[in-house]
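A quick write-up on the structure given underneath.
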2 protein chains.
Amino acid sequence: MNKFYEIYLDIKEKIESGFYPAGQSLPSEHQMSQDYGVSRETLRKALLTLLENGYIQKQQGKGSIVLDIHRYNFPVSGLTSFKELQESQAIHSETIVVVNKKIPAPKFLVDAGLLDADEMVIYLIRQRLVDDEVIILDKDYIRCSIIEDLPTPKMENSLYDYIEHDLGMQIAYAKKEFTVDRVTKEDKKYMDLNSDTHVVVVRSDVFLEDTRFFQYTESRHRLDRFKFVEFARRNKV
Amino acid sequence: MNKFYEIYLDIKEKIESGFYPAGQSLPSEHQMSQDYGVSRETLRKALLTLLENGYIQKQQGKGSIVLDIHRYNFPVSGLTSFKELQESQAIHSETIVVVNKKIPAPKFLVDAGLLDADEMVIYLIRQRLVDDEVIILDKDYIRCSIIEDLPTPKMENSLYDYIEHDLGMQIAYAKKEFTVDRVTKEDKKYMDLNSDTHVVVVRSDVFLEDTRFFQYTESRHRLDRFKFVEFARRNKV
DNA sequence: CAGTGGTCTAGACCACAGG
DNA sequence: CTGTGGTCTAGACCACTGG
C-alpha cells in the first residue's frame, strides 16, 4: 500500500477515535513528516485526502484543524450504490429483480450519443425494499459489449460489487442529475407509493476507467424516504 | 498566480476550445512539463485539478484522455449560490428580500451545537423569481458575531458576493442535505406553487476558513424547476 | 522492451499568522 | 522574528500498458 494512504488511514482513525479531537490542531506538517518518517510532500498528500473527505480544514500560517462533521452524520457522496448506502447505515433491506433481459439500445441513449444504434443492452429493473416497502425503483441499462450477462441472483446483491469484484472492472466516474418527476404507471406498478404524485429521480451516466460509457441508471425514490447528504468545498477563484 | 493553476487554466481552455478534442489523449506529462518549463510534479498538479473537475481521465501506463462531459451540460457542484447558478445559465431572474432582521439564535441551531444560546442571528428570507414566478424561497440564518448587518439592497444581489468581495471573508465548506418536504404555510404565502404539496429542501451548514460556523441556509425549491447536476468520481478502496 | 503515469524524496523559497 | 502551510524543483524508482 502507498505510504500516503497508510498515513491517511492512520490519521483518519485517530480523528474518528478522538485521539485528535474536533476543533484542535494536528501537529505541524514538519513534525508529522518526521514522526512518520516520510518526506513532507508525502505527508501533505495524506492531509489533502483528509481535506477532500471533510476531516480537516487547513489554514496557511496556522495549521490543520480537525472538523467534527463526521461525528453525527457522515456525508455519503461520490458514487455510492444502494448496497453500500444500506451497509453504511445498517438498514434492513431487500432487493427484488423484476426484469433482467437483453434489449436493443433505447433511442434516448443513442440520441445522447452514448450508445450505437445497433447495440444491445441489458435492461434491469430492481425493487429496493426497506421495512417491507418498495421505496426505490432502480432501472439500469448496461452495455452488452462490456458485460455479456448478469446473473439475477447476483443482482439481488450489488451490481457494482459484481462488476468490480467478480469481473475485475473499475468504475471511474459518473454524471448525475437529480430532479423530481411525476409518477409513471411503472412507478405505480412496482413501488409502494401511497397516493404520491411525484418521485425523486437520480439519473446517472456511468463510465469506466478507460472512459467507455458503461451504464445508464435511473433511480426512482419515494419522496418521504429520499435523503442525499454531501460535503462540499467552495471552489476558489 | 501559481504556475500549476495557470497551466490548469491553459489546458482547460484548450479542451473547451477543441484544441484537445474529447476522446483523445493529452501529450505525456514528461512532454508537457518540458513544454511549460516546469517540473513534472507541478504539471501533475494541474492535471489533478483537471481530473477533479471532470475534464480528463487518467490511466496508468497509457495517458490522460479528454472527457466530453463539459460539452453539453457542465455539472454545477460544490458550493454554488443562486446568483452564480443564474449567471452560469443566463437565466433572467430577480430577488426580493422579504425579511431582514435580527433575532435570537433559533432553538434548532442551538440544539445542533452550531450556535450559543445567547447569540443573535440575522434572519433573511428571499424570494427568487424566474420568469416572474417565485420558484425558490431562501431562508438564511447568519451569525451576528461574524456579520453585524446586511444591507438589504446588497442582498438582492448575492450574499456570497457581498461576504467574499465586500467583507473579504472566505467561505470554505458546507454540509448539505437534500430532502423533499411537505409545503408549509410560509411556502404557500411566499412561493408560486400551483397546488403542489411538496418542495425540494436543501439545508446547508456553512463554515468559514477558520472553521467558524457562519450560516444556516434552507433553500426551498418548487419541484418542477429543481435540478441538481453533479460530476462524481468513485472512491477507490 | 520503451513509454506512460504513480509515488516518493530532500531541499528550497514564498506567503501568511501571531507574538 | 519564528513557525506554520503553499509551491516548486530535479531526480529517483515503481507499476502498468502495449508492441
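Proteins come first, then strands; the chains are lettered A, B, ... in the order of their sequence lines, and each starts at number 1.
For B:Lys58 and B:Glu29, the salt-bridge test passes: some basic side-chain N is under 4.0 Å from an acidic carboxylate O. Between B:Lys175 and A:Glu230 there is no salt bridge, since none of the side-chain N atoms of the basic residue sits less than 4.0 Å from a carboxylate O of the acidic one. Salt bridge B:Glu41/B:Lys45: absent, no basic N to carboxylate O contact under 4.0 Å.
Whole-Å rounding puts the A:Lys3 NZ to D:dA12 P distance at 17 Å. The separation between A:Arg40 atom CZ and D:dT9 atom P is 16 Å, rounded to whole Å. One can place NE2 of A:His30 at 15 Å from C1' of C:dT9, the figure rounded to the nearest angstrom. Here C:dA10 presents its P atom at 16 Å from CD of A:Glu29, a figure rounded to the nearest Å. To the nearest angstrom, P of D:dG5 lies 18 Å from CG of B:Asn2.
Contact annotation: A:Lys62 side-chain N/O to C:dG18 OP1/OP2 distance is under 4.0 Å. Within the 4.0 Å cut-off from OP1 or OP2 of D:dG6, at least one side-chain nitrogen or oxygen of A:Arg44 is found. The phosphate of D:dG6 (OP1 or OP2) has a side-chain N or O of A:Lys58 nearer than 4.0 angstrom. Residue B:Lys45 places none of its side-chain N or O atoms closer than 4.0 Å to OP1 or OP2 of D:dG6. Phosphate contact (OP1/OP2 of C:dT9, side-chain N/O of A:Thr42, threshold under 4.0 Å): present. Close to D:dT4, at under 4.0 Å from its OP1 or OP2, lies a side-chain N or O of A:Ser28. The phosphate of D:dA10 has neither OP1 nor OP2 within less than 4.0 Å of any side-chain N or O from B:Ser39.
The shortest side-chain heavy-atom distance between A:Tyr162 and A:Pro151 falls under the 4.5 Å cut-off.
For B:Phe4, the listed nucleotide lying nearest its side chain is D:dT7; candidates were D:dT7, D:dG5, D:dT9.
No donor-acceptor contact under 3.5 Å links the side chain of B:Gln60 to the base of D:dC14.
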